[in-house]
Amino acid sequence: MISYTSFAFFILYFGITFLLYTIAPCKAKWCVLLVGSYVFYFVSSKGHILPLIIATIAVWAIGLWLQRLNDIQKVKRKEAPKEERKSIKALYTKYRQWVLALGVAITFGILLVCKYSNFFIDTTNSILGLNINNVSIIQPLGISFYTLQAISYLTDIHHGKFEAEKNPLRVSLFLSFMLTIVEGPVARYDQLGRQFKELKAFDPQAFVSGAIRICWGLIKKVVIADRTAELVNAVFDNHENYSGLAVVIGILFYTLQLYCEFSGVMDVVCGLGEAMGIKMPENFNRPFFARSINEFWQRWHITLGAWLRDYIFYPISLSKPFMSLSKSARKKFDAYYSNLIPTAVALFFVWFGNGFWHGAGWKYITYGLYYYALMMLGLFLEPMFRRLCSALKINRESKGFHFFQMARTFVIVNFGMLIFRADDLKTAWEMLKSIFTDFSFSILRVGAKNGFGLDVKDYIVIVVGVLLVLIVSILGEKGINVRERILALPFIVKFILFMVMIYSVIIFGAYGEGYGVVDLIYANF
Amino acid sequence: MKEMIKGYIKPCIKILAFVLAFFILLECLSVTYFSKARASQYNNKYSETMSFFNEPANTLQIVGIGNSDLYSGFCPPELWHNYGYVSTSIGSPRQTPQQSLDLLKEVYSNQKPRLVFIECDMLYDEPPENVDIKKDERDIDVFFDYLSPDSFDEGVKNVFPIFTFHDRWKNKKGVRFANKNHGYKFSNKVVPVKVHEGFMNKTDVSEKIVKIHGKNLKAMVNYCRKNGSDVVLMTLPSPSSWSYERHNAVVEFADANNLDFIDFNLMLDEINIDFAKDFRDKGNHLNYYGAKKVTEYLGEYISKNYEIEDMRKNKDYAYWHKSYRQFKGQLV
Amino acid sequence: MEKIIEIIKEIKPAVAIDESTKLLDEHILDSLAMISLIAELGDEFDVEISAADIIPENFETVTAIKALIDRLEDED
């Protein structure tokens, strides 16, 4: 796999593509992107491109089929007398649903086989006591991401959001785009695909703005996240040797690592896109200011949450059977709890899907259902909680209460991270227990250096980095866009500031000898 | 129109000016504070690997090059003490043949070694049990290796050493490095080793060396020979990362290139390797006691096969006696 | 129009709304509130709002919601 933060990517794959992209005429720029993306994918996955090509062809063909049915339906309804229109609509909707189901089955099927085969085999083995051998299938690069994009593309055509793309190469670019395929964001066709049709000439302002963003992302990923990896790996890979406060520190640092890495890479990817005049969807919005789990997942991995909302939550909760179920419930019971029924079922699939998407294992499913349980608990208790607060005269809109909510969310998220990062559920439980049974501050005395593999200077860098991120985030939350402010500064100031930023990454980056290779965490999903 | 171009060209020129300034600064830093020579002088994790920079010009007679197996098992101070040979070990953890080639080229800029030992553990990236020997390397795999970040990034780091030595700021300030180990990593830790069944069982099968490593190995051999050195291949004792299949592949290469090959894994009894006492980890790296045995054998081998001068009585090399005393100080 | 505002107020009592309040931008309608809203709207105006209709343009403001309902009522 070719990491986004390697020289090879910046200079060879992106660099050459960008140069050719800049000099190509506007109408041909998308072709440069397509070729560049496929070369990158081919080398990154060592020639393993067949699953992507099969999925692309299937998606393109089914998209056109759905479009054709849409068109026929329109024509027939226009020609028909008024009484028949409803039945024609129903009939063709049924056809289209079957075609869509076929498309989803193919793309999702490829994903299931490539990624989840061994999970199914192992689960079957343990339930039925068999001993079927595991298969060795290489998981294609980016399959978790392009499958979601494919399903969204087909579903949107089915709903008539836009017309199917006739050119298979454009569909291909949408699914294989170099900047989205490794770690997302999960893009929508009407947002990204349309931009590929309107690519603009080189814009120096956009280039500089993008460059600053790339640099910021590199600081988060290479300076902060990769540095904390040492500590996190020490605690989680040798968990028998750590307990109490050490485990807590390990979890907190993992949350820091995951946030800085994932949002840092997203900054790099969005910055690269911006340099090319392409607006990529955002995946992070200062998640630790969230005051509830619901809000957290609207600020963390935003495109995944949006995908689950639009393609699982709404279709299930607004489906006819559920709507009529809650309608009849509302006649007898409280409106709030009646509406909770379709919500509860739909949310189950959302969270199961979230967990399962992250990995082929019970640990990940538990991760998703952990959030489901907490969310349902919260929704269920909400009316009582509201009454309690007004009885106790607690102001839920006060700054103090907001802070309490943020802290509560932070704690919940960190327990989730424990489940996510631990080797398996059993280990997570052991580690959790050890926090309470073995609580001691001795780890601080023993010396973080021996216990965690980092030295004082490393910790200083981490602290400075975290403060920087915190300041920028707080400013952002107050509506101050730091990047815009920087762009408005005089040239000399920008010049020096940017040079300092780049050299911070080069000099303080945690790469090279003695740091270990830190693979992109999300690229394995 | 003129304004539009001005609004476009002026920013572009500014961007290019920045890029230029960036590269100039990169090069300046790479040849001063972050250079390879500086890395050898200050106490950081590279000072041992780069210690050859500190050897006075044209003094080295013997150079060992390889990965961590080499710097754990080949001990220049002992070679000096018992035979008077002036040598150095140039190795870093997981050093690749490509990195070794780059380092060798640095050596020859001010040294003329008579003999170069190339440690062959670096020809294989994974331990034997992780590799499927029967799978042939596809031509396209070679292509992928060249275009992978490992190769490409190495090249960039070689051109701009700042990327390799960027964390110099972490070192203890101003502690000038005393070159007492000459590249050897001292360790008197003892970890008993349990050798797995079938280690070095004779077989006809050969585990092919991947093309990119083979190519770089050949380049190293040619480079050394072109500069007047003899080359000997060797593999130090390493039960966890060697096998008879790998031995066969190196023998093939050695025969094809007219090289001697000393495989210590087949001479364990001859040099009295004791698995209970001679390793510092679970069978990958020798400790000082094991290194002494290997170095003793090498000293004998060199004195029998090569005309290399014993420098112990030579006044110009008196500083080696001092550095040996400093080296011995570690043993207490 | 007033009916729609009334329904939204029942779901989110703490917020003041008029026809042009940005319901989505100001995070008044999140996905959970949306379900309750659509259920109630479906009851009140006897229309079927499906997942396909949940696009920002249809729920930006109360005016937009009214337009959506009018359209669905016309479509038999």
Side-chain angles (χ1 to χ4, degrees), chain A residues 77 82-83 85-87 89 93 155-161 190 291-292 294-295 297-299 305-306 308-320 322-331 335-347 350 375-376 378-379 382 386 396-397, chain C residues 2-17 21-60 62 64-76:
Chain A
R77 266 173 60 105
K82 209 167 184 201
E83 323 81 62
R85 285 199 192 150
K86 208 164 188 170
S87 56
K89 180 175 181 183
T93 305
T155 311
D156 287 347
I157 296 175
H158 168 70
H159 287 321
K161 246 189 171 172
D190 53 353
R291 307 205 313 258
S292 68
N294 198 22
E295 191 184 349
W297 284 93
Q298 288 168 351
R299 289 176 177 247
L308 290 167
R309 178 198 66 205
D310 291 340
Y311 300 102
I312 299 205
F313 182 69
Y314 284 144
I316 293 182
S317 58
L318 296 178
S319 62
K320 279 213 192 63
F322 277 112
M323 282 281 99
S324 48
L325 178 64
S326 79
K327 195 170 186 173
S328 34
R330 250 172 297 140
K331 295 201 178 90
Y336 178 82
Y337 286 104
S338 309
N339 291 330
L340 216 49
I341 300 174
T343 304
V345 177
L347 275 184
V350 164
M375 193 177 258
M376 286 316 303
L379 284 174
E382 171 63 16
R386 212 183 301 168
R396 301 183 84 199
E397 296 309 314
Chain C
E2 293 75 34
K3 204 70 190 75
I4 301 178
I5 297 182
E6 216 181 279
I7 295 176
I8 298 180
K9 265 190 115 47
E10 261 173 55
I11 300 171
K12 290 267 157 160
V15 196
I17 311 164
T21 318
K22 296 273 180 213
L23 299 166
L24 297 174
D25 287 348
E26 293 179 25
H27 301 291
I28 298 171
L29 285 184
D30 62 20
S31 42
L32 300 173
M34 195 69 88
I35 302 301
S36 303
L37 175 64
I38 291 180
E40 300 289 343
L41 289 176
D43 266 355
E44 182 66 33
F45 298 97
D46 198 26
V47 283
E48 237 174 65
I49 305 178
S50 69
D53 299 313
I54 305 191
I55 50 178
E57 295 77 24
N58 287 343
F59 286 88
E60 255 175 337
V62 177
I65 298 177
K66 175 133 192 0
L68 170 67
I69 295 176
D70 289 339
R71 225 181 322 124
L72 289 174
E73 278 178 338
D74 284 339
E75 248 181 35
D76 37 87

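Every value quoted in this text rests on a predicted model; they were computed, and no experiment measured them. Here is how names work: the chains are called A, B, and so on, in the same order as the sequence lines, proteins then strands, and each is numbered from 1.
Between chain C and the residues A/I316, A/T155, A/N339, A/L347, the most heavy-atom pairs under 4.5 angstrom are made by A/N339. Of all the listed residues (A/Y314, A/F313, A/F322), the one sharing the greatest number of non-hydrogen pairs under 4.5 Å with chain C is A/Y314.
Put simply, the side chain of C/L41 does not reach to within 4.5 Å of the side chain of C/E44, judged on heavy atoms.
Pairing each heavy atom of C/I69 with each of C/V47, the nearest pair is O-CG1, 4.2 Å. Closest heavy-atom contact between A/R85 and A/R77: NE-O, 3.0 Å. Taking all atoms of both residues into account, the shortest heavy-atom contact from C/A64 to C/E57 is CB-O, 3.3 Å.
With a 4.5 angstrom heavy-atom cutoff, A/E295 does not touch chain C via any of its atoms. When heavy atoms are compared at a cutoff of 4.5 Å, A/L340 does not approach chain C at all. Residue contact with chain A, scored on non-hydrogen atoms closer than 4.5 Å, is absent for C/E10. Only the side chain of A/L379 comes within contact range of chain C, judged by heavy atoms closer than 4.5 Å. When heavy atoms are compared at a cutoff of 4.5 Å, A/D310 does not approach chain C at all. Residue C/S50 touches chain A through its backbone alone, counting heavy-atom pairs closer than 4.5 Å.
Side chain of C/N58 to main chain of C/D53: a donor-acceptor pair is present (N/O by atom type, distance under 3.5 Å, no hydrogens or angles).
With salt bridges taken as basic N to acidic carboxylate O contacts below 4.0 Å, one links C/E6 and C/K3.
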